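Just so we're clear, the structure is a prediction, and the values are computed from it rather than from any experiment. Values below: all heavy atoms of this structure, side chains included; hydrogens, waters and symmetry mates excluded.
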Amino acid sequence: MGNRPSSAPSGCVSPRRREESTNTSLRATGLNNELNDAITGEGMEVAVREGEERRRSLDSTVGVGEVEMDEEWSEASGAEDRWTPLRPKDLGSRGTGLASALANLLGPNDVLKEIDFQDDHGFGPHSASAELKAADANTRLIHIDLECPEPHTPLRHAVTINVNGALSSLHLVGHPVGDRGAEHVATFVANCPTLSLLHLQGAAVAAQGVAALAKAQAKSCTLTAVHLPHNALGPAGAAALLPMLGREGGLRELRLLDNCLGDSGAAALGKGLATATRLQTLDVERNGIGPSGVGALAAALGPNRTLARLLLQDNPVGDFGAAALGRCLGANTGLHSLNLWKTQLGNAGAAALADGLKANATLKRLDLSHNQVGPSGAAALGAALEVNMGLERLSLYLNKVGDSGLVALAEALGRNTALRSLDVGRNGIGDPGVLPLADALEVNTALVELSLTQNSVAEAGAVALAAAMQHNGTLARVDLHRNAIGDYGAHALAVAIASASAGNASLAELDLRGNQISAGKNYVDKSIPAGENRLREAAMLSPNVKVIL
């Protein structure tokens, strides 16, 4: 589950809307009383909102305001749900007592569907064990969410159970269960026949806990995804994961963001990849993996045919690591997505990857954003795009491509028939680079998304792009926000919007925020109406085009 908004209630039971049926109302009322009795039995004070009078009482006690569900939570629990706050006044050191009371309630309860407890003040290994046992017996629970807002202990525990009573995913986010708690979780996993996703984030789990989880996964017939971000696995923990990869019932998805794996840990994972027959996603973002570790992963990827997504972002990969990946791309036929965001790549690394792309027909997405790729690196990638007809998305956001680098990419776009998305935002690009790009767009038949955000595109570039949009039959989304476009460019773009409305072009969305387009009167040249007014008129007459100003 995503992060809850700051306005979300602490400690909530979320029943279905009471207007739906009398039974729902009765269940919610009975449930509140039952949970209230269970918690106050542990010495807790609970406030329950039941109408305006109780809400005012709750507000005066714990400062609760109006509550709105965030989009992700509403999608998970149903758009018709409404939160009824149920808050402990002071959990303090009695978090374990609350967990025990909650666990005792969950086991036999066949009505409770959703609980949201925040301010839990650190549910540790003992309470985690009690809650898991209770969830195992409960047949109706959909969500449990526990979170502590203090920056040093952001705790969340969410359990998702299918409507048929079968547990499908278990989330322990920010709970410091450690290796001992992980062993309790492992016991639960081994005996849960329907669990498919295990997510332990910021749980202080190290090698010992991972070893226990690996043994449990070997007994599970359904566990296919393990997420262990922000833990303390290290190289030993990476080695302990190998049994999860190298067998017929191995994982399909493994996410290890921020675990201090280093090159040794990456080498261990490389050994697992060499024998993995099911793994499709490997996320090792922000793990201090350098060229040697990337080399070990790349060597294993050469013959691998199942891994489709490799996330290496925010690692010191460097040009030498990129060279190893480039060689891998030449032989690999399974990888579909490669993320190298912020990996210290330069022109040499981009050129090595480009060489690999020339011999690769299966990679669909390549993210090179937030690096140091300059004109020569962009030219190498452009040369690869002239022969590669498999890559669909290329991001070079926040590099040093410049006008000359964009010219090289534009030449490739004139011939390429596969690339659907190109992001060259924040690359020091102005009109000299955009003019050749516009020429290429007039003949290109594949590009759907183009981002030139936060560059220096001005009037001439905007006019050229507007003309290209009227001839292009595929370009649907163009991002030009935070450039230097004025009213002349705005008028030309308004014509392009009108052309799209008339069915002569494919444009569906145009972002022009943060430019130099005037509203009201144009005080620089009073003979020209304000560009913003013209764009708004065109947008009103073109309901199929979304114009963002």
Side-chain angles (χ1 to χ4, degrees), residues 170 177-183 185-190 192 195-201 203-312 315 321 324-325 328 332 334-335:
L170 171 62
V177 299
D179 285 341
R180 185 174 181 182
E183 291 172 353
V185 173
T187 301
F188 180 74
V189 168
C192 184
L195 190 71
S196 61
L197 168 63
L198 174 64
H199 186 103
L200 297 178
Q201 177 173 326
V205 177
Q208 179 180 339
V210 170
L213 292 172
K215 292 180 181 179
Q217 196 270 339
K219 298 178 181 179
S220 171
C221 299
T222 57
L223 186 63
T224 58
V226 172
H227 301 176
L228 297 170
H230 305 296
N231 281 288
L233 271 61
L241 285 166
L242 296 188
M244 294 189 185
L245 306 179
R247 63 182 186 84
E248 186 176 348
L251 296 178
R252 295 180 184 272
E253 182 176 324
L254 179 60
R255 297 186 180 271
L256 302 172
L257 162 68
D258 190 19
N259 267 283
C260 301
L261 301 181
D263 288 336
S264 299
L269 290 174
K271 294 179 181 178
L273 278 178
T275 58
T277 58
R278 299 186 71 194
L279 191 66
Q280 297 176 357
T281 299
L282 177 61
D283 179 357
V284 287
E285 176 184 354
R286 201 185 310 155
N287 270 288
I289 300 173
S292 64
V294 172
L297 291 172
L301 279 176
N304 185 286
R305 297 293 181 269
T306 60
L307 192 72
R309 291 169 292 277
L310 177 60
L311 289 77
L312 281 164
N315 281 294
L325 290 169
C328 158
N332 180 276
L335 200 63

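With a 4.5 Å cut-off on side-chain heavy atoms, Pro229 and His199 count as touching. At least one side-chain heavy atom of Leu301 sits under 4.5 Å from a side-chain heavy atom of Leu310. The shortest side-chain heavy-atom distance between Thr281 and Arg255 falls under the 4.5 Å cut-off. Put simply, the side chain of Gln280 does not reach to within 4.5 Å of the side chain of Glu253, judged on heavy atoms. Side chains of Leu257 and His230 form a contact here, defined as non-hydrogen atoms less than 4.5 Å apart. For the pair Leu213/Val185, a side-chain contact is recorded, criterion being any heavy-atom separation below 4.5 Å from C-beta on. Residues His227 and Leu197 are in side-chain contact: their nearest non-hydrogen atoms beyond the backbone lie under 4.5 Å apart.
Checked by atom type and distance alone, the side chain of Asn315 pairs as donor or acceptor with a backbone atom of Gly288 at under 3.5 Å.
When all heavy atoms are compared, the tightest approach of Ala186 to Ala216 is O-CB, 3.1 Å. In terms of heavy-atom proximity, Leu241 sits nearest to Leu228 at CD2-CD1, 4.2 Å. Between Pro291 and Gly321, the closest heavy-atom pair is CB-N, 3.9 Å. Between Met244 and Gln217, the shortest heavy-atom distance links the atoms CA-OE1, 3.7 Å.
For Asp258, there are no salt bridge (Lys or Arg N to Asp or Glu O under 4.0 Å) partners, not counting sequence neighbours. Considering only residues two or more places apart in sequence or on other chains, Glu183 meets the salt bridge (Lys or Arg N to Asp or Glu O under 4.0 Å) condition with none of them.
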